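The structure appears below as structure tokens.
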Amino acid sequence: MNLQNTKLFISAGEIRQFPSHPIPQVALSGRSNVGKSSLINTLLGRKSLARVSGAPGKTITINFYDVDGKLFLVDLPGYGFAKRAPADKEKWSRLTDGYFTNNKNIDRVALVLQLIDLKVGPTADDVMMLRYLREAELPFAVVATKADKLNKTERTAALARLADHPDIPADTPIIPFSSLKGEGKEEVWRTLHRFANI
Ligand code: GTP
Ligand code: MG
């Protein structure tokens, strides 16, 4: 796959804008500020393809990145942004729910990467999302972000808590990740190849 050949295909604010190309989609889910856009940039080796937000949760769109015409990386809007206006929360739900429940191409969603801040651990919103993914029977992997913020002892403990979490089934891949250090990049790619068959 030629990672140089990557572009933002569409920043979709409406369900009807979701692309219908017959290629697998890998969606990134997680609360605002967890590091979704940074992960996309790290995976693709690009500095600022996906906008890394100083002010989280400002725009509510689903961004589809076309990776060499073979895969869509789908940057879902972050949740759990307390200061967000009710109208924006409504839009978040409509759009994200639309992606999972009203998506003609749901069969193309090969994997959801559920991002969880390793230091913070699963928030109440993360737990809701994990339960949702399980109920919807969507294949998912947990990416434990900002791993660079923890020392070795903290990191081992935090990873063990995730592995033991009641809403993370035992066979779920849990990948420690740091965009800052580039850690976990290869393992995420291996997981994408495995699930998306690319
Ligand atoms: P929304 O688009 O608002 O949903 O946020 P996001 O999940 O896309 O997060 P984003 O990638 O914009 O990162 C949020 C903040 O966390 C930025 O200030 C990043 O620089 C920082 N950040 C992202 N990844 C890492 C990481 O691996 N380590 C550290 N220390 N900081 C990170
Ligand atoms: Mg983002």
Side-chain angles (χ1 to χ4, degrees), residues 6-13 17-18 25-67 72-85 87-100 111-130 132-133 140-152 154-156 158-159 162 174-189 191-192:
T6 299
K7 58 181 185 296
L8 174 61
F9 184 78
I10 192 167
S11 197
Q17 295 176 301
F18 295 171
Q25 300 187 8
V26 172
L28 282 82
S29 158
R31 68 180 175 78
S32 226
N33 205 47
V34 72
K36 296 179 296 301
S37 302
S38 302
L39 180 138
I40 289 179
N41 291 331
T42 300
L43 278 188
L44 300 173
R46 300 274 289 265
K47 264 210 184 100
S48 50
L49 179 71
R51 205 173 45 84
V52 172
S53 41
K58 256 184 148 176
T59 45
I60 302 173
T61 53
I62 297 187
N63 295 337
F64 290 80
Y65 295 92
D66 170 341
V67 185
F72 278 123
L73 281 179
V74 185
D75 194 1
L76 297 173
Y79 50 74
F81 187 56
K83 285 189 200 134
R84 192 175 273 168
D88 287 353
K89 285 189 179 159
E90 215 279 314
K91 183 161 188 202
W92 182 91
S93 308
R94 191 157 36 86
L95 203 58
T96 311
D97 221 52
Y99 181 75
F100 286 120
L111 179 69
V112 177
L113 293 176
Q114 176 61 42
L115 274 61
I116 295 176
D117 187 312
L118 186 58
K119 188 171 179 184
V120 175
T123 63
D125 287 329
D126 291 335
V127 168
M128 249 166 46
M129 199 65 214
L130 287 165
Y132 181 89
L133 293 171
F140 69 94
V142 170
V143 177
T145 63
K146 308 193 186 183
D148 55 272
K149 286 189 170 179
L150 288 85
N151 69 31
K152 216 173 161 201
E154 294 167 333
R155 172 198 171 99
T156 308
L159 285 170
L162 284 179
I174 299 174
I175 307 168
F177 192 87
S178 166
S179 288
L180 208 69
K181 307 263 188 213
E183 185 200 345
K185 177 177 165 174
E186 296 309 323
E187 201 178 341
V188 171
W189 269 120
T191 309
L192 297 198

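Whatever order the structure lists ligands and atoms in, that order sets their numbers, starting from 1. Please read all numbers here as calculations on a predicted model, not as lab measurements.
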Say whether, by atom type as modelled, one donor and one acceptor occur between the side chain of Asn41 and the main chain of Ala50 under 3.5 angstrom.
-> yes
Taking only non-hydrogen atoms of Asp148 and a 4.0 Å limit, the atoms of ligand 1 in range are 26 (C), 27 (O), 28 (N), 29 (C), 30 (N)
CG (Leu192) and CD (Glu187) are apart, to the nearest 0.5 Å, by 11.0 Å
Ligand-residue contact atoms, ligand 1 with Gly78, heavy atoms, under 4.0 Å | 4 (O)
Option set Ser38, Ser178, Ser179, criterion heavy-atom distance to atom 13 (O) of ligand 1, minimum = Ser38
Between the Mg ion (ligand 2) and Ser37, is there an N, O or S atom separated by less than 2.8 Å?
-> yes
Judged by modelled atom types alone, do Asp117 and Thr145 share a side-chain donor-acceptor pair under 3.5 Å?
-> no
Kindly confirm or rule out an N or O of Asp75 lying under 3.5 angstrom from an N or O of ligand 1.
-> no
With Tyr79, which of Arg31, Lys89, Met128 fulfils side-chain contact (heavy atoms from CB on, under 4.5 Å)?
-> Arg31
CG of Leu49 to OG1 of Thr42, rounded to nearest 0.5 Å, is 11.5 Å
For Gly35 and ligand 1, does the shortest N/O to N/O distance drop below 3.5 Å?
-> yes
State whether a side-chain donor-acceptor pair under 3.5 Å links Asp66 with Thr6.
-> no
So how far is it from Leu118 CG to Lys146 NZ, rounded to the nearest 0.5 Å?
-> 11.5 Å
Under 4.0 Å from any heavy atom of Lys36, which atoms of ligand 1 are there?
-> 1 (P), 4 (O), 5 (O), 6 (P), 7 (O), 8 (O), 9 (O), 11 (O)
Any Val34 heavy atom less than 4.0 Å from ligand 1 | yes
To which of Leu180, Ile40, Asn33, Asn41 does the heavy atom nearest atom 5 (O) of ligand 1 belong?
-> Asn33
